[in-house]
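Taking it in order: structure first as structure tokens, then the write-up.
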Amino acid sequence: MENDVSEVLLTGEEIREKTAELARQITADYEDKDPLLICILKGGLMFLADLTRQIHLPLEIDFMAVSSYGDATESSGVVRILMDLERNVQGRHVLIVEDIIDTGRTLNYIIQNLRTRGPASIKICTLLNKPARRVLDIPLDYVGFVIPDRFVVGYGLDYGEIYRNLPFVGVLKPELYAEE
Ligand code: IMP
Ligand code: MG
């Protein structure tokens with residue numbers, strides 16, 4: 001599995017340091033707000049787990065799973081909710097935890113959808129931001145790393161459901177996926 005990666009973009013240690021920094025900011029910003037963190041499955045799983053353990057607040061966690069139609073490496077914007085939240089978000093300070101924002105289509109759909117449910121606020125925390133392919137402009141509140149236009153895997157991110165358990169973020173060898 002490690003051999004399918006051509007380059008380690010972010011080491012586990014770099015991710016740990018950045019996650020701690022984001023957690024400190026979130027702890028300060030959400031004092032007395034009892035935030036509801038919404039993890040977008042499955043990619044946000046590792047990030048959520050490491051992030052929340054360093055946020056020193058009485059927070060709640062919920063999950064949403066979405067599938068974005070498209071080809072293997074690009075989303076179309078047609079999003080389907082595979083698993084919805086358990087918690088009611090009305091009046092809550094919602095913090096969406098994502099693995100990566102690429103075109104922005106998936107996140108845009110999620111934000112529009114959550115807005116209709118009457119939260120007190122919605123903010124975004126993403127481990128990775130890939131601005132090169134952005135189609136929809138979405139304000140990001142907490143960003144771990146800005147990365148170049150490469151297809152990456154590991155630390156939650158997959159290709160064909162594999163590689164999520166790599167403890168770093170790496171560039172997948174392009175010969176392993178069909179480019180359009
Ligand atoms: P968007 O709708 O184009 O912003 O795509 C968001 C989703 O596409 C992410 O939540 C990922 O699941 C997936 N994605 C985008 N870029 C990558 C990548 O480089 N590696 C793995 N998954 C990606
Ligand atoms: Mg994802």
Side-chain angles (χ1 to χ4, degrees), residues 1-12 14-15 18-19 22 37-52 61-85 94-116 122-180:
M1 195 173 54
E2 277 83 352
N3 294 335
D4 295 347
V5 166
S6 63
E7 183 192 334
V8 174
L9 212 55
L10 303 167
T11 65
E14 287 172 315
I15 296 170
K18 184 62 77 174
T19 303
L22 292 173
L37 272 68
I38 296 180
C39 173
I40 309 303
L41 294 173
K42 302 171 192 169
L45 185 62
M46 309 289 174
F47 184 40
L48 175 94
D50 288 339
L51 184 73
T52 51
I61 294 170
D62 207 344
F63 298 94
M64 194 169 192
V66 299
S67 108
S68 188
Y69 291 103
D71 62 31
T73 58
E74 178 160 358
S75 70
S76 65
V78 182
V79 177
R80 191 161 57 104
I81 296 179
L82 302 177
M83 191 189 91
D84 206 347
L85 303 172
V94 167
L95 182 59
I96 298 174
V97 179
E98 255 283 30
D99 51 357
I100 186 167
I101 316 299
D102 186 16
T103 65
R105 288 173 177 139
T106 306
L107 184 63
N108 181 63
Y109 174 88
I110 292 168
I111 292 170
Q112 301 306 329
N113 182 289
L114 292 179
R115 273 210 189 115
T116 66
I122 302 180
K123 284 191 179 184
I124 316 299
C125 178
T126 185
L127 177 68
L128 307 175
N129 181 20
K130 205 198 274 185
R133 304 209 307 169
R134 192 66 39 83
V135 173
L136 294 160
D137 184 35
I138 299 170
L140 304 175
D141 303 281
Y142 306 95
V143 176
F145 303 91
V146 176
I147 63 162
D149 187 10
R150 314 281 288 280
F151 193 81
V152 295
V153 294
Y155 197 71
L157 292 120
D158 74 305
Y159 176 66
E161 294 299 325
I162 310 298
Y163 307 108
R164 295 192 196 275
N165 55 324
L166 288 174
F168 54 82
V169 171
V171 177
L172 188 65
K173 288 182 179 166
E175 61 263 34
L176 294 173
Y177 59 88
E179 295 217 66
E180 61 272 21

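We count residues from 1, following the sequence as given. Start at 1 and go down the list; that is how both ligands and their atoms are numbered.
Ligand 1 places these atoms under 4.0 Å from at least one heavy atom of Glu98: 10 (O). Each of the atoms 16 (N), 17 (C), 18 (C), 19 (O) of ligand 1 lies under 4.0 Å from some heavy atom of Lys130. Counting the atoms of ligand 1 from 1 in the order shown, those under 4.0 Å from a heavy atom of Leu157 are 20 (N), 21 (C), 22 (N). In the vicinity of Asp158, heavy-atom distances shorter than 4.0 Å reach the ligand 1 atoms 21 (C). Under a 4.0 Å criterion applied to the non-hydrogen atoms of Thr106, ligand 1 contributes the atoms 1 (P), 2 (O), 5 (O), 6 (C). Every atom of ligand 1 with a heavy atom of Arg150 under 4.0 Å away is listed here by number and element: 19 (O). Within ligand 1, counting atoms from 1 as listed, the ones closer than 4.0 Å to a heavy atom of Arg105 are 2 (O), 4 (O).
What you find for Glu14 and Leu9 is that their closest heavy atoms are OE1-O, 3.9 Å.
Side chain of Asp62 to backbone of Ile38: no donor-acceptor contact under 3.5 angstrom is found. Listed for the Arg134 side chain is a donor-acceptor partner under 3.5 Å among the backbone atoms of Ile101. Lys18 places no side-chain N or O within 3.5 Å of a backbone atom of Leu127 that could act as its donor or acceptor partner.
Considering backbone and side-chain N/O of Val152, one or more are found under 3.5 Å from N/O of ligand 1. Residue Gly104 places at least one N or O, backbone or side chain, under 3.5 Å from an N or O of ligand 1.
Side-chain contact check for Met46 versus Ile15: every heavy-atom pair is 4.5 Å or farther apart.
Aromatic ring orientation, Tyr159 versus Phe151: perpendicular (interplanar angle above 60°, classes split at 30° and 60°).
At a 4.0 Å cut-off, not a single heavy atom of Leu107 sits close enough to ligand 1 to count as contact.
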Please walk me through it: do Tyr155 and Asp50 pass side-chain hydrogen bond (donor to acceptor under 3.5 Å, both in side chains)? CA-CA 11 Å; Tyr155 197 71; Asp50 288 339; 2.6 Å; yes
